[in-house]
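To start, the structure under review is shown below, and the notes come after it.
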Amino acid sequence: MIHRFFSFMLPVLTVSFGLSSCSTQDSNKDKTEDAKLKESRRYDLSLRDRLEFFGKLPSVAESKENPITAEKVMLGYTLYYDNRLSANNTISCNSCHNLAKFGVDGLQFSPGDAGKLGGRNSPTVLNAAFHATQFWDGRAKDVEEQAGMPVLNSVEMAIPNEKFLIDRLSKIELYKMLFAEAFPGEPNPINYVNLRKAIAAFERQLISPSRLDKYLGGDSLALSVQEKKGMMSFALVGCTSCHNGALLGGNSFQKFGVYQNYWEETQSAKHDEGRFEHTHNEADKYFFKTPSLRNVAETAPYFHDGSVKDLTRAVEIMAKVQLKYTLNENEKANIVAFLKSLSGDIPENFKKSPVGL
Ligand code: HEC
Ligand code: HEC
């Protein structure tokens, strides 16, 4: 603990030393700067015992079974943006998980290939490769398994079967080339397993570090005092019992509605039973995967059914139904400020459709 404390404080000490050597004209400004730094450091001291709940976002999301190569990523990137992955050539993965909009479409429910709406809100694909399981109910184990599912889902991309899509892609020159490059030495590289692997390899690149990671890396000033206060409240009131680790979630299933039915607060029309609908195990009723809170300020509307538009309201509901706690106005504003510091970004080139598509 001592060791962590010192390595954590070091950048701050360096900065204040630099400031105190300025000329006298600047001394008033220096005083306010110094006071600000001191206040900022005070919060580091109180936060240091809570840092174990948080984690730095890793810079790579490797998979032993599906090693990332530049060729696979190129193929996956192309497939991700290609409308030909839907029955009537109308939508791609990017339609519902728009990479120029933090990996979401901003809608409560997303229209599929035939215009029909799904029953759950589209979560972001950013950092999804790090989730312990995929989907709100965890019915896919990783991004490799998940990537094949929306394509065949009748409400989403509505491709009738794997062979239909493989036949379609096999006629396209671009894919003959890209699959052969991504899976060298394979006699029939255009197949469904490889399609899933390539899309997943691309998703494994969608990692969005934010200011929180700079802070955890030792840059004390990467978070404002208000954000630090929010981080403190987030830990003190118990949000971290479910939203923890590098993703602030993504690693457990929890009941939505620990202290009262969630729909009393969200006004949800449908009472989605969550993981129960997948496992049919009574103990899983109303359990959902705790979502990651990375980029949460950019991914409204909230909850599995997109029933809540406003982040402050979502935070208030969480405190009430999960912790039986009423946040005061300050706590709410500070927690929301902290959540905003979790917005990161992905490489610019991925936000555009690939050349040649
Ligand atoms: C019509 C909209 C739509 C399309 C098209 C679509 N998705 Fe999704 N996606 C969703 C919805 C809705 C969910 C959540 C469903 C659930 O949890 O039951 C989801 C979930 C996911 C998840 C899980 C994320 C998490 O937090 O658990 C990933 C990853 C994902 N989609 C990737 C893809 C990829 C890759 C494609 C293209 C092959 C794709 N999606 C196509 C709507 C869509
Ligand atoms: C007992 C576990 C638990 C606790 C404690 C908890 N959450 Fe959650 N949180 C969840 C689950 C589960 C969901 C998903 C609910 C759903 O949509 O079905 C969620 C969803 C959210 C969402 C919406 C995310 C999105 O993408 O839609 C936000 C924001 C959030 N929580 C913030 C908080 C804050 C802030 C606190 C503390 C005041 C908190 N949570 C406490 C389990 C928890």
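We count ligands from 1, going down the list as the structure has it; atoms in each ligand are counted the same way. Source: prediction; values computed, not measured.
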E186 vs N194, side-chain contact (heavy atoms from CB on, under 4.5 Å): CA-CA, chis, key distance, verdict: CA-CA 10 Å; E186 293 191 18; N194 286 348; 2.9 Å; yes

Say whether P301, considering both its backbone and side-chain N or O atoms, lies within less than 3.5 Å of an N or O atom on ligand 2. no

What atoms in ligand 2 come closer than 4.0 Å to a heavy atom of G238? 5 (C)

Counting heavy atoms only, which part of F256 comes closer than 4.0 Å to ligand 2: side chain, backbone, both or neither? side chain

According to the salt bridge (charged side-chain N to carboxylate O under 4.0 Å, His left out) rule, which pairs have a member within residues 54-78, sequence neighbours left out? none

Looking at side-chain heavy atoms only, is the closest gap between L51 and M231 below 4.5 Å? yes

May I ask you to identify, for L323, whether its side chain, its backbone, both or neither come under 4.0 Å of ligand 2 on a heavy-atom basis? side chain

With heavy-atom distances below 4.0 Å as the criterion, list the atoms of ligand 2 near Y302. 25 (C), 27 (O)

Determine, for F276 and K285, whether the Lys NZ or Arg CZ falls below 6.0 Å from the six-membered ring centre while staying within 45 degrees of the axis. yes

For ligand 1, list all ligand N or O to protein N or O distances below 3.5 Å, rounded to 0.1 Å.
residue: ligand 1; atom: 7 (N); partner: H97; partner atom: NE2; Å: 2.9
residue: ligand 1; atom: 9 (N); partner: H97; partner atom: NE2; Å: 2.9
residue: ligand 1; atom: 17 (O); partner: W136; partner atom: N; Å: 2.8
residue: ligand 1; atom: 18 (O); partner: R120; partner atom: NH1; Å: 3.1
residue: ligand 1; atom: 18 (O); partner: R139; partner atom: NH1; Å: 2.9
residue: ligand 1; atom: 18 (O); partner: R139; partner atom: NH2; Å: 3.4
residue: ligand 1; atom: 26 (O); partner: H131; partner atom: ND1; Å: 3.4
residue: ligand 1; atom: 27 (O); partner: F135; partner atom: N; Å: 2.6
residue: ligand 1; atom: 27 (O); partner: K289; partner atom: NZ; Å: 2.7
residue: ligand 1; atom: 31 (N); partner: H97; partner atom: NE2; Å: 2.9
residue: ligand 1; atom: 31 (N); partner: Q146; partner atom: NE2; Å: 3.2
residue: ligand 1; atom: 40 (N); partner: H97; partner atom: NE2; Å: 2.9

Give the intermediate values and the outcome of side-chain contact (heavy atoms from CB on, under 4.5 Å) for residues R120 and D305. CA-CA 5 Å; R120 287 191 183 146; D305 57 0; over 6 Å; no

Salt bridge check: are D167 and K163 linked by an N-O gap of less than 4.0 Å? yes

For the backbone of L57 and the side chain of D213, can you confirm whether one donor and one acceptor N or O come within less than 3.5 Å of each other? yes

Using a strict threshold of under 4.0 Å (side-chain N to carboxylate O), is an ion pair present between K332 and E316? yes

Does K255 approach ligand 2 within less than 4.0 angstrom via side chain, backbone, both or neither, non-hydrogen atoms only? neither

Which is it for C239 and ligand 2 at heavy atoms under 4.0 Å: side chain, backbone, both or neither? both

With a cut-off of under 6.0 Å to the ring centre and 45° to the axis, is R50 in cation-pi contact with F53? no

Side chain or backbone of F234 under 4.0 Å from ligand 2, or both, or neither, by non-hydrogen atoms? side chain

Flag, side chain of S224 to backbone of E227, donor-acceptor distance under 3.5 Å: yes

Atoms in ligand 2 with a heavy atom of S241 nearer than 4.0 Å: 5 (C)

Do the numbers put R275 on top of the ring of F253, so that NZ or CZ is under 6.0 Å from the six-membered ring centre and no more than 45° off the axis? yes

At less than 4.0 angstrom from any non-hydrogen atom of M318, what atoms of ligand 2 do you find? 6 (C), 7 (N), 8 (Fe), 9 (N), 10 (C), 13 (C), 19 (C), 20 (C), 21 (C), 30 (C), 31 (N), 32 (C), 33 (C), 34 (C), 36 (C), 39 (C), 40 (N), 41 (C), 43 (C)

Ligand-residue contact atoms, ligand 2 with C242, heavy atoms, under 4.0 Å: 1 (C), 2 (C), 3 (C), 4 (C), 5 (C), 42 (C), 43 (C)

